[in-house]
Novice: 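First the structure, then my questions, so here it is.
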Amino acid sequence: MTRVLISADMEGATGTVSPADVEAGTPRYERFRRLLTQDVNAAVAGFADAGAEEIVVNDPHCGMDNVLIEELDPRAVLIVGRHKPLGMMEGLEDGIDAVAFVGYHTGAGEQGVLAHTYLSHSILGVRIDGEPVGEGGFNALVAAEAGVPVVLVTGDDLTCREAAGYAPGCRTVAVKRAISRHAAVCRTPAVTAADIRREAAAESKEPERSVARATTGIIWRIILFYVGSIVLVVTIVPWDSAKVLASPYVAAWNIIGLPGAGVVMDVVILTAVLSVLNSSVYVSSRMLRALATHGDAPTWLVATNKRRVPARAILAGTVVGWISVLLAYLSPDTVFTYLVNSSGAVAIFMYLMIGASQLRMRRRLEREAPERLTLRMWLFPYLTWVVMAGFAAVLVAMAVIADQRTQLLTSVGSLAVVLVAYAVRRARGGRPAGSADAAERAAAPVR
């Protein structure tokens, strides 16, 4: 897709259940317009991931100035204010390729959170050819008249079910499960944002081109920043120079004649390490949530604070990090060496598992759902076998080379621990009943 229109209503946004949530001037309104903006940003990010070159957001709710433009993803433009000739579908006439309904709701007279059609106090229902039609169905007809498909709908579970009628095949994200018109089981913003972005990203009309573009970009970054820098170092510094063992980049800068090369590299390395540390804290908190959802970690770790931050998970990861620092200080020659050795071949084990999984899943898809293979890897299965054989050869070399044997053995020990833990989990019956629901409840904000 090239150009996408997002029609962003508010009643179906994450967390909204009460008229006070969506009415300007109420104490709750500012909070929920921010949540609406987060839902919209997730859709913008997803469509951008799919290769959209232009994303137009139309704000059609009530006063039509609800989305916070100062917090809107800069990759989108915002249609704000009233009155608009096409109302909720303003922007459709500008060569749009796909439409998304974010924050939508069911129609008047239907079940669903804040269900209504346009004017909740005066319109009891809208019918076309005798069939009841809500705002989503009506707007889908407007889009169909322009030959534009509806590719994504977000709202409560009943809204998503309704969307299957007016936009068959579109992707949906249920941000809450309706209990009544003013009550729902709501999912947390972090979860709904991830789901909205994922589903929007999956709507590329050219998945092969998008994946190929992303893969090519990664390859060029590796060539430029990693392989390229190594080529420069070995070109400047003799490969058998003792300086390479200390710091090859500093040695290269010194030969070039850059003053203060050591300080510059120390700053660069410190910045990189801090960046990795920040990423590790982020990843560990999200991983804890995923583990808790599957019943593999305590659910209390995924609770969020008033700012929707998983503070307990972040704190747990930080504490473990400080314990590692303390152990490295008390035993510098043991802890760091063990961590390096125990993870030395783990990446190879992971790539071997990925290769084996591809062999199995590809053949299964070819039998059961060949239409899903929209991007086929060339030289399959021979290239996969060659790569796996290469990794196996590395493991054999590690076993033969005395200096590498310790890394291999400790990595095998790490793999054994994981396999034993998996076997114990399977023996206990796998995923505990209700663990996902428990995780969702635990993820509610801590007041």
Side-chain angles (χ1 to χ4, degrees), residues 14-15 31 34-35 38 41-42 45 71 186-198 225 263 265-347 349-350 407 410-411 413-422 424-425 431-432 435-447:
T14 296
R31 172 190 174 198
R34 181 162 282 106
L35 292 179
Q38 290 179 12
N41 280 340
E71 296 184 12
C186 297
R187 304 168 70 205
T188 61
V191 177
T192 58
D195 285 353
I196 292 172
R197 179 169 186 171
R198 182 187 66 245
F225 296 110
V263 176
M265 288 307 304
D266 286 342
V267 172
V268 171
I269 293 173
L270 178 60
T271 303
V273 170
L274 291 176
S275 176
V276 171
L277 176 61
N278 184 59
S279 300
S280 298
V281 172
Y282 176 88
V283 170
S284 66
S285 64
R286 270 57 186 177
M287 182 62 71
L288 281 173
R289 190 197 186 286
L291 290 172
T293 301
H294 290 83
D296 294 324
T299 55
W300 59 266
L301 280 174
V302 299
T304 57
N305 59 20
K306 295 180 180 180
R307 293 180 296 170
R308 303 287 180 176
V309 175
R312 294 178 180 176
I314 293 175
L315 181 62
T318 304
V319 168
V320 172
W322 279 110
I323 291 175
S324 301
V325 171
L326 179 62
L327 291 175
Y329 175 77
L330 296 176
S331 183
D333 296 329
T334 303
V335 176
F336 183 75
T337 303
Y338 172 77
L339 291 175
V340 171
N341 288 338
S342 62
S343 60
V346 168
F349 297 151
M350 292 174 59
Q407 286 196 27
T410 51
S411 296
S414 298
L415 178 63
V417 171
V418 172
L419 293 176
V420 169
Y422 177 74
V424 171
R425 181 180 182 277
R431 177 175 177 166
S435 59
D437 293 336
E440 290 293 339
R441 291 193 299 271
V446 178
R447 303 296 180 187

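Counting begins at 1 with the first residue of the sequence.
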Novice: At their closest point, which heavy atom of V281 faces which heavy atom of I314, and how far apart are they?
Specialist: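 V281 and I314 have their closest heavy atoms at CG1-CG2, 3.6 Å.
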Novice: Answer whether the closest heavy-atom distance between the side chains of I323 and L327 falls below 4.5 Å.
Specialist: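 Yes. Closest side-chain heavy atoms under 4.5 Å.
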Novice: For T271, does its backbone N or O pair with a side-chain atom of S275 as donor and acceptor, under 3.5 Å?
Specialist: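 No: the side chain of S275 does not pair with the backbone of T271.
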Novice: Give me the atom names and distance for the closest heavy-atom approach of R187 to T192.
Specialist: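 In this case the closest contact between R187 and T192 is CB-CG2, 3.6 Å.
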Novice: Measure across C186 and G15 and return the closest heavy-atom pair with its distance rounded to 0.1 Å.
Specialist: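 Looking at all heavy atoms of both residues, the shortest contact is SG-CA, 3.9 Å.
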Novice: Within this structure, what is the CZ-CD1 distance for the pair R198 and I196, rounded to the nearest 0.5 Å?
Specialist: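 Reported to 0.5 Å precision, the distance equals 10.0 Å.
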Novice: On a heavy-atom basis, which atom in A193 and which in A42 lie closest, and how many Å separate them?
Specialist: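 Between these two residues, the closest heavy atoms are O-CB, 3.3 Å.
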Novice: Looking at every non-hydrogen atom in both residues, tell me the closest pair between S411 and A345 and how far apart they are.
Specialist: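 What the structure gives for the nearest pair is OG-N, 2.9 Å.
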Novice: Using the side-chain contact (heavy atoms from CB on, under 4.5 Å) rule, pick out the option among L326, V319, T318 that qualifies with W322.
Specialist: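 The side-chain contact (heavy atoms from CB on, under 4.5 Å) with W322 is passed solely by T318 among L326, V319, T318.
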